[in-house]
Each structure stands twice: as C-alpha cells, then as structure tokens.
K.L.:
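To start, I am sharing the structure in question, which I have written as structure tokens.
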Number of protein chains: 2
Amino acid sequence: MTSSNKPALPVIRRLPKYYRYLINMQQAGEKNVSSSELSRMMGTTASQVRQDFNCFGGFGQQGIGYKVDTLVTEIRHLLFGDGQPLPTILVGAGRLGTAVSQFLVRDANGYSLLAAFDNNPELVGKTLGGIPIRHVDELRSFCSQYHPQVAVLCLPREGATQLSSTLVEMGVKGFWNFSHYDLSVDYPQVMVENVHLGDSLMSLGYHMRNL
Amino acid sequence: MTSSNKPALPVIRRLPKYYRYLINMQQAGEKNVSSSELSRMMGTTASQVRQDFNCFGGFGQQGIGYKVDTLVTEIRHLLFGDGQPLPTILVGAGRLGTAVSQFLVRDANGYSLLAAFDNNPELVGKTLGGIPIRHVDELRSFCSQYHPQVAVLCLPREGATQLSSTLVEMGVKGFWNFSHYDLSVDYPQVMVENVHLGDSLMSLGYHMRNL
DNA sequence: CCATATTTGTCAAATGTTTGTCAAAGACAT
DNA sequence: ATGTCTTTGACAAACATTTGACAAATATGG
C-alpha cells in the first residue's frame with residue numbers, strides 16, 4: 001500500500017492490454033508474475049509495468065512479484081467498476097452496426113445492449129441477435145423510459161452530430177463512435193471514444209509506403 | 001522549402017485526421033487555410049499544426065496560410081504514395097470480416113481487395129460484395145500467384161499467430177489485424193496495425209466509471 | 001510607398017512519458 | 001541464522017512531444 005498518483009492517459013490505454021494478458025495467465029493457471037515477465041509479454045519495460053501498477057496503488061510483493069488474481073481483480077474493477085453492466089443502445093443497424101453489435105454481445109464485457117435503432121424501414125422490426133431494431137423516431141421515448149448510458153454510433157456522418165446532441169440531452173453519458181466523424185460533445189462528464197477505421201488503415205498505408 | 005525532420009509517430013497518426021478535414025474544406029470550395037483555423041477544427045494548437053506540416057517540408061506561405069489543394073495533394077501522397085492501390089486479401093469472412101471488407105471496398109482508398117479466405121465450408125464459394133470466398137487451404141497458392149501486399153485478419157485469436165507467419169513467408173508486408181490478439185511479427189519491414197475494439201470499449205468504460 | 005495586420009517557420013521552454021538505478025523487503029538454500 | 005537471490009517501489013535522469021514566442025515574409029489599405 002503506497003501512494004497513488006492520478007493515472008496518465010497512456011497508462012489507462014494500457015490497462016486493457018494488461019487485462020488481456022493477465023486473463024490468459026489466469027486461465028493457464030499461473031499464480032504469480034513479475035514485472036519483467038509481464039514486460040516481456042507486453043513488449044515494454046519492467047520499469048513501466050511497475051510504474052503503471054503503482055498509479056493505482058502498488059499491489060506487488062518484493063521478492064515474489066504480483067499475484068495474478070489480485071491484478072485481474074483490481075484491473076477488472078478499474079475497467080468495469082462494480083460489475084453492473086452499462087445499459088447501451090446501438091444507432092445504425094447496417095453492416096457495421098450488425099458486426100459491432102455482435103462483438104458487443106458476444107465478446108465484450110460490462111455492457112448490456114438494450115435496443116438498436118435505424119431509419120431504414122426495411123430493417124425496423126427485425127432483430128439483431130435477439131435485439132429488436134426500432135425506428136429512430138422512437139429514440140427519445142425509449143431513452144426516457146430505459147435511460148441508456150452508452151450509445152454506439154454506426155451511422156453515416158451526416159446524422160451523427162445532431163443525433164449525439166439529442167442523446168446527451170436524453171442522458172447518454174458515453175459514446176462509442178464508429179461514424180466517419182470526429183465526435184466531440186461540449187458537455188463535460190460525457191465521454192467519447194472515436195474509432196476511426198479509416199485513419200487506422202491510412203496509418204498502415206503510410207508506414208508501408210514510407211519505410 | 002525548408003528543412004524537414006523525420007516525422008514522429010504522433011504526427012503520422014494525425015495525418016489522416018488532417019486529410020479528412022482538408023478534403024471537407026476542398027469540397028466546400030475553400031482555397032486557403034491558416035494554421036489557426038485548422039487548429040480550431042482539429043481541436044489542437046496552431047503551433048502544432050505548423051510544426052506537423054513542417055516535418056514534411058513546410059508548404060505554407062507567410063501572410064496567406066496554406067493552400068488547401070497543396071495540402072491535400074501532399075498528404076495524399078504521403079498516405080497513398082503514387083496512388084497504386086495495395087493488393088489486399090481478407091482472412092476470416094465471418095460477420096466482422098464481412099463488415100470490414102465492406103468498409104475496405106466502399107469507404108477506403110488505396111487498397112484493392114483481391115480475395116477473401118475462410119475455413120468454414122459453408123462460406124467457401126460464396127462472394128463478399130463481388131469478392132469470392134476461398135478456402136484457406138488455397139492461401140499459399142493464391143499468394144504465390146497474386147502476391148498480395150496486405151492481409152486483413154478477422155479470425156479468432158487461435159489461428160492468427162501461425163497464419164501470420166505463413167503470410168509473411170509468402171511476402172505479405174502489412175497486416176490490419178482485428179483478431180483478439182496482439183500481433184507482432186519479428187520481421188522488420190513488416191508493418192502491423194492492431195485494431196482492438198475490445199480495448200477501445202474498455203477504455204470508454206474506465207473513463208465513464210472513474211470520472 | 002509606407003505602416004499595419006496576418007501568418008509562417010523556427011527555436012527554446014514547458015510539459016509529459018519512459019527508462020535506468022538503487023535501497024529495502026521478502027524468499028530460499030545452506 | 002546468515003548470506004544470496006529476486007523483485008518491488010520510488011526517484012531521478014533521459015527522452016519525447018507540445019506549446020509559446022518571435023523574426024521574417026507577404027498582403028492590404030491609405
């Protein structure tokens with residue numbers, strides 16, 4: 001039990017990666033892990049691993065290392081809180097939306113998908129792996145009844161900005177944005193995670209052509 | 001025409017974003033743009049914009065600013081080279097693979113999707129927006145005939161690591177990796193862009209629960 | 001033609017992040 | 001018990017990135 005500084009952004013972005021590796025170790029039955037061992041797996045330095053864990057109040061033991069179970073529990077708590085899943089909606093049920101919703105339901109933890117919305121009449125009424133697709137016109141009434149916390153945006157850039165205002169107004173606190181648009185809401189206490197597949201691909205292109 | 005340093009990684013990751021904004025400006029018919037104007041759109045400082053462009057040999061003019069067309073041309077050249085699209089294959093034609101291939105074909109530039117591969121016999125023989133799905137057993141022979149440069153990986157983590165070795169062996173120079181696995185090949189001159197949707201989602205969760 | 005306003009390119013200062021180092025703590029073998 | 005080995009936590013040094021400041025260049029208006 002030591003001092004804990006406020007964690008920097010890069011540290012937080014590394015947490016999911018730690019978590020993935022630690023879950024694997026746990027499933028492999030490993031009990032303890034040292035910072036150097038973890039650093040080798042993660043492709044970083046032991047120093048960084050120790051400093052990262054220290055941000056959250058170092059939970060290691062000199063001479064032994066870290067208990068895998070402790071780390072998993074602590075990091076899970078940081079990432080998922082008390083385990084209560086965040087009520088979530090999907091806006092845009094096209095191909096990308098379908099794939100993302102599958103991912104959310106099958107592979108992700110900490111979120112529960114309540115409903116999907118689209119403005120295409122052909123999609124409305126169908127289901128998405130058990131989740132009904134509604135018309136976007138129902139969005140407001142749905143929100144005032146079920147109070148979703150998170151919205152996953154998989155729609156064309158045109159609609160995104162105005163829709164996000166509405167959703168913030170209706171109490172949405174976090175956006176996972178796949179639309180081709182840099183979403184940034186002006187309200188504090190509202191988080192946005194932009195996923196730009198196009199940017200990612202362009203970066204790859206740059207590196208391939210310039211190295 | 002001024003001195004140009006080797007660009008740092010953060011600069012390169014900003015290029016696609018500049019590009020997006022500049023394309024919009026171009027379509028809106030704007031001729032010139034100042035660093036301060038761009039910085040306001042991008043949510044950064046004018047200083048950073050100027051310094052970023054300078055890495056590639058500043059192409060602005062004092063008193064006026066930057067020509068939008070020049071910037072677009074220069075950045076496009078950095079990102080897409082001479083415009084020759086990179087021959088690309090998709091491995092894993094499930095839901096995610098389908099969505100990603102759609103994105104690649106419809107919304108992305110600089111890549112041409114030659115073929116898709118899967119080990120599910122039910123998918124083999126079908127097409128993916130005009131692209132035929134083949135069995136992974138044909139991968140080697142396909143590569144030796146068509147020499148794809150880029151592989152998009154949308155398969156479960158189990159297969160990914162071994163498959164990537166094979167692909168590197170067959171001459172693939174870049175990976176766009178969606179599999180639940182930190183791909184890192186040990187060969188220099190091979191680039192990997194890992195897209196971890198799960199990590200992105202966990203980051204969002206952290207910020208929502210700890211702020 | 002000159003004064004003023006704008007804007008870049010450059011450099012240095014400030015800030016943020018990572019890495020190296022070492023004392024202190026615990027485990028383990030003898 | 002004692003000495004040796006391992007490993008953490010803490011701190012400082014090294015490194016990287018961003019920001020601020022200003023001279024030089026160009027445009028504009030009188």
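Proteins get letters first, then strands, A, B, ... in listed order; numbering begins at 1 in each.
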K.L.:
Tell me the ring pair (Phe, Tyr, Trp, His ring centres under 6.0 Å) pairs involving residues 165-193 of chain B, sequence neighbours left out?
P.N.:
B/W176-B/F178

K.L.:
Decide side-chain contact (heavy atoms from CB on, under 4.5 Å) for B/L153 and B/L183; before the verdict, give the C-alpha distance in whole Å, the side-chain angles of both, and the deciding distance to 0.1 Å.
P.N.:
CA-CA 10 Å; B/L153 306 183; B/L183 185 61; 3.7 Å; yes

K.L.:
If I take atom CG in residue A/N32 and atom P in nucleotide D/dT6, what distance separates them, rounded to the nearest angstrom?
P.N.:
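So the two atoms are 16 Å apart, to the nearest Å.
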
K.L.:
Whole angstrom is fine here: how far is it from CG in B/L9 over to P in D/dT18?
P.N.:
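It is 10 Å, rounded to the nearest whole Å.
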
K.L.:
Polar atom pairs between nucleotides 27-30 of chain C and protein, under 3.5 Å, N or O only, would you list them?
P.N.:
none

K.L.:
Anything under 3.5 Å between a donor and an acceptor, one on a side chain of residues 81-94 of chain A, the other on a protein residue two or more places apart or in another chain? List them.
P.N.:
from	atom 1	to	atom 2	distance (Å)
A/D82	OD1	A/Q84	N	2.9
A/T88	OG1	A/L86	O	2.8

K.L.:
Taking for each residue the nucleotide of DNA chain C bearing the nearest heavy atom, is the 5' side occupied by B/V33 or by A/A8?
P.N.:
B/V33

K.L.:
Can you name the side-chain hydrogen bond (donor to acceptor under 3.5 Å, both in side chains) partners of B/S35, sequence neighbours left out?
P.N.:
B/R50

K.L.:
Please enumerate all residues that pass salt bridge (Lys or Arg N to Asp or Glu O under 4.0 Å) together with B/R140, with sequence neighbours excluded.
P.N.:
B/E169

K.L.:
Considering only residues two or more places apart or on different chains, which pairs with a residue in residues 79-120 of chain A satisfy ring pair (Phe, Tyr, Trp, His ring centres under 6.0 Å)?
P.N.:
A/Y19-A/F80, A/F117-A/F142

K.L.:
Just call it for A/S35: base, sugar-phosphate, or nothing, with non-hydrogen atoms closer than 4.0 Å on any strand.
P.N.:
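Sugar-phosphate contact only.
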
K.L.:
List the residues meeting side-chain contact (heavy atoms from CB on, under 4.5 Å) with B/Q51, not counting sequence neighbours, and say none if there are none.
P.N.:
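Expected list: none.
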
K.L.:
Does A/N54 place a side-chain N or O at less than 4.0 Å from the phosphate oxygens OP1/OP2 of D/dT8?
P.N.:
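Answer is no, no contact under 4.0 Å.
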
K.L.:
Are B/Y66 and C/dG9 close enough that a side-chain N or O sits under 4.0 Å from OP1 or OP2?
P.N.:
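So the side-chain polar atoms of B/Y66 do come within 4.0 Å of the phosphate oxygens OP1 or OP2 of C/dG9, strictly under.
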
K.L.:
Taking only residues at least two apart or on different chains, which pairs with a member in residues 65-74 of chain A satisfy side-chain hydrogen bond (donor to acceptor under 3.5 Å, both in side chains)?
P.N.:
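Listed once each, the pairs are A/Q26-A/D69.
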
K.L.:
Which residues in residues 39-53 of chain A have a heavy atom closer than 4.0 Å to any atom of DNA chain C?
P.N.:
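Within this stretch, A/T44, A/T45, A/S47, A/Q48, A/R50, A/Q51 sit under 4.0 Å of the strand.
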
